[in-house]
Amino acid sequence: MERPVKTYVLKRSTDQAPRRLMIDYAAALNPQQLAAVTAGDGPALVIAGAGSGKTRTLVYRVAYLIDSGVDPSNILLLTFTRKSAQEMLERAAELIGASTQRVCGGTFHSVANVLLRRYGRSIGVEPAFTILDRGDAEDLIGLCRTQLGFNEKTTRFPRKGTIMELFSKSENTLRSLEDVLLEEFPHFADHLKELTKLHHAYRVAKRQKQLLDYDDLLVMLRQLLATDEAARTAISRQYRYILVDEYQDTNRLQAEVVRRLAATHDNVMVVGDDSQSIYAFRGATFRNIMEFPELFPGTTVYKLEENYRSTQPILNLANTIIEEAAEKYTKRLFTRKVDGPLPVLVEAAGENAQSRFVVQKILELREEGVSLSEMAVLFRSSFHSFDLEIELSRAGLPFIKRGGVKFIETAHVKDVLAHVRVVANPLDQVSWHRVLMLVDGVGPRKIQDLLALIAEADRPSEALRAGGGRAGRALKSLADMLDGLAAAGRTSPAACIAQVYEYYLPILKDQYDDYPKRMRDLDHLHTIAENYAELDEFLADLALEPPDSSIVDVEATEHDDERLVLSTIHSAKGLEWEAVFVIWVVDGRFPSAYSVFTDEDLEEERRLFYVAVTRARRHLFLTYPINVYDKTSGMVLSKPSRFLHSVPTDLLEVLAVVEEGGHGRG
């Protein structure tokens, strides 16, 4: 007899109570952040305006995914520094617990390293491969160059560091070596055939020795994802949710890697700001963030526009500047900090008047309670701050400089000044040593002999002419130039610099592959010399701090831990200060005269200006000198940056700097 069977009805899972979240996201985030953090599956682009809480949004997104039931090991967080990834995951752990330790977080290159050791055999990469650092990679290039006989060429061949830069730019931008060579180093175009052969030899040498350089990590990961379907599927299924920080700074290679990592799904959220895409010189491309919706059809775009950093008057200026961009994701920054002083456009008679205004205003702000460490001076190029560095030292204001080597400490500037110094002081053995090291055929032993002759001679040039040997002709050329320099020194410092420049130019071209950039530094040195009537005064100002003692180390008389920040704008991205001075806001300097030839370069300059403006919390000063010395045309009248032309008059206060008593260098 069969037993009677009763039925027990299981309710459908859709009828179950929804999962209860641990965190009150609505209370912690503004509406725009909340929408991005709680986005569903599918591709998402978060346009995060300056100071809008980008990192906070990413941290809460990681927490939300875990809170919603996603296995932490299925989340991949890609950042540009290991520190960024660590900090984000630590903050997420404070919200959701230790499970965030199972999230895969790191740089593109560190993640590539892990994946290649796990799956790389299918493309010939053994798990025990060695990663070359930059120096080792350059040495291997040098070895390949020697084996091919290219180091014995009669014509100038690029140095190994330059060759490494060419190869790297080609790999990261997915452009041919020829295109990069013609654009970045056209003066080496004649060596395309040899460089192509060297590139092949370098690749073969790495493969034979199981070596990968820094760029190979991404190149090989791209190859793995493109050719090994099983590996691509396994990796993509492992990382079902991909988050990318600072997407506007990615290059073409990184964008392609992201696309392939998401082969089995489209759960990719990238966060960035098109208006802060400023690293084209590193290979990053503005196009990646603009074309993300094309790479991932069906993308939802979220915008973070509430700014937590600056006052509304500063944001009004920033909004107006970026509105003129030819291509952008339209957004308008706003803040609850409605009140604040207008940004100030400062007109100064000349560069030194600009520098003295900045120093005086810094002292005033300090008296008002703004500490030195809460102030920064920003500039387009590192050499723009040189005159200001002299004035800050005179005023006893300590500072730290970020981005580039101090102008006075660059090798080519020190070379030129050494020639001038030995005329002003023939007993300056340090400068003599530097000058003689540049003479072809003169080595350390010869230098000692020459220094002894110079010390005994009535005129150093006589000792040089008596030096003889295989360096005789080069020493005579130096002696002739120094005799001419002695006469020029009685005329003006600028005449001295011009004469040394003419002599030094062939040496500069021989010593440095990037000599066109260094020539611009020397042009600026000539401009500075124009401000002086006496050679002694010029050299004295340049020697306010000895070369071995950085101005950074000057002690403040009060507040010993305070340092004013001097920084290129590129190095200031992501930072903020209570008061910001942007100097040399002059057309031809900002935007740079070299950037106006293409629309792409000019637009990047506009974005750079936007980044500079949005670093300020309350006080913003944009300064420019009216009279600017141009080496070819003499003193010219300048005008403010073209990026300010469309700014309404009510968004800026205009201030004209006038001299008290009519003195100063102008």
Side-chain angles (χ1 to χ4, degrees), residues 187 350-352 381-387 389-390 406-426 428 431-432 434-440 459-461 464 474-512 514-543 547 584 586 588-589 592-594 625 627-638 665-666:
H187 48 292
E351 179 179 21
N352 188 249
S381 300
S382 186
F383 68 82
H384 287 170
S385 70
F386 181 54
D387 188 76
E389 291 175 39
I390 293 173
K406 285 182 185 175
F407 180 79
I408 192 62
E409 293 175 3
T410 54
H412 47 295
V413 171
K414 290 175 77 172
D415 286 347
V416 169
L417 290 175
H419 289 81
V420 180
R421 286 192 174 113
V422 296
V423 172
N425 177 14
D428 184 348
S431 294
W432 270 119
R434 189 174 194 95
V435 166
L436 294 171
M437 281 292 289
L438 296 170
V439 178
D440 191 31
R459 291 174 58 198
S461 57
L464 295 175
L475 288 170
K476 181 181 182 302
S477 177
L478 172 60
D480 292 343
M481 190 277 295
L482 292 177
D483 280 342
L485 205 57
R490 292 189 288 272
T491 309
S492 73
C496 285
I497 297 300
Q499 194 150 334
V500 177
Y501 183 96
E502 187 176 343
Y503 165 83
Y504 179 68
L505 192 55
I507 300 172
L508 180 75
K509 290 182 176 180
D510 182 63
Q511 294 267 345
Y512 303 105
D514 61 347
Y515 67 83
K517 295 177 184 175
R518 294 175 187 258
M519 286 167 65
R520 299 204 292 270
D521 282 350
L522 298 181
D523 287 343
H524 186 63
L525 182 63
H526 185 270
T527 301
I528 293 168
E530 281 289 333
N531 288 322
Y532 293 84
E534 299 295 331
L535 186 60
D536 288 346
E537 183 190 359
F538 172 62
L539 292 175
D541 272 1
L542 297 182
W584 279 106
V586 171
R589 299 291 181 94
S592 163
Y594 300 93
N627 298 300
V628 176
Y629 182 81
D630 180 78
K631 188 178 179 184
T632 55
S633 53
M635 196 62 71
V636 295
L637 288 175
S638 69
R665 289 193 281 120

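Contacts of A479 classified as side chain to side chain contact (heavy atoms under 4.5 Å, CB included), with partners at least two apart in sequence or in another chain: S461, L464, R465. Checked against ring-ring contact (aromatic ring centres under 6.0 Å, His included), Y503 has the following partners two or more places apart in sequence or in another chain: H419. The ring-ring contact (aromatic ring centres under 6.0 Å, His included) test applied to Y515 returns H187, not counting sequence neighbours. Legend: residues meeting side-chain hydrogen bond (donor to acceptor under 3.5 Å, both in side chains) with H412, ordered by chain and number and at least two apart, are R518, D521. Remark: P460 pairs with P426, W432, I454 by the side chain to side chain contact (heavy atoms under 4.5 Å, CB included) rule, at least two apart or across chains. Take K476 and apply the salt bridge (charged side-chain N to carboxylate O under 4.0 Å, His left out) test, not counting sequence neighbours, and it matches D480. Residues meeting the side-chain hydrogen bond (donor to acceptor under 3.5 Å, both in side chains) test with S385, sequence neighbours left out: E389, K401. Residues meeting the side chain to side chain contact (heavy atoms under 4.5 Å, CB included) test with Q511, sequence neighbours left out: L438, I507.
S638 contributes atom OG, which lies 11.0 Å from atom CD of E351 (distance to the nearest 0.5 angstrom). Remark: D415 CG to M437 CE distance equals 10.5 Å, nearest 0.5 Å. How far CZ of R589 is from NE2 of H384: 5.0 Å, rounded to the nearest 0.5 Å. Rounded to the nearest 0.5 Å, atoms CG (L475) and CG (L482) are 10.5 Å apart. Residue L505 holds its CG atom at 8.5 Å from CG of L522, rounded to the nearest 0.5 Å.
Between Y501 and D523, some side-chain heavy-atom pair lies under the 4.5 Å cut-off. In this structure, W584 and P625 have side chains that are in contact, with non-hydrogen atoms separated by less than 4.5 Å. Contact check for V416 versus L508: no side-chain heavy atoms found under the 4.5 Å cut-off.
For CG of D440, the number of neighbouring non-hydrogen atoms (other residues, nucleotides, ligands) closer than 6.0 Å is 12 at most.
S492 contributes a side-chain N or O that, together with a main-chain N or O of A495, makes up a donor-acceptor pair within less than 3.5 Å.
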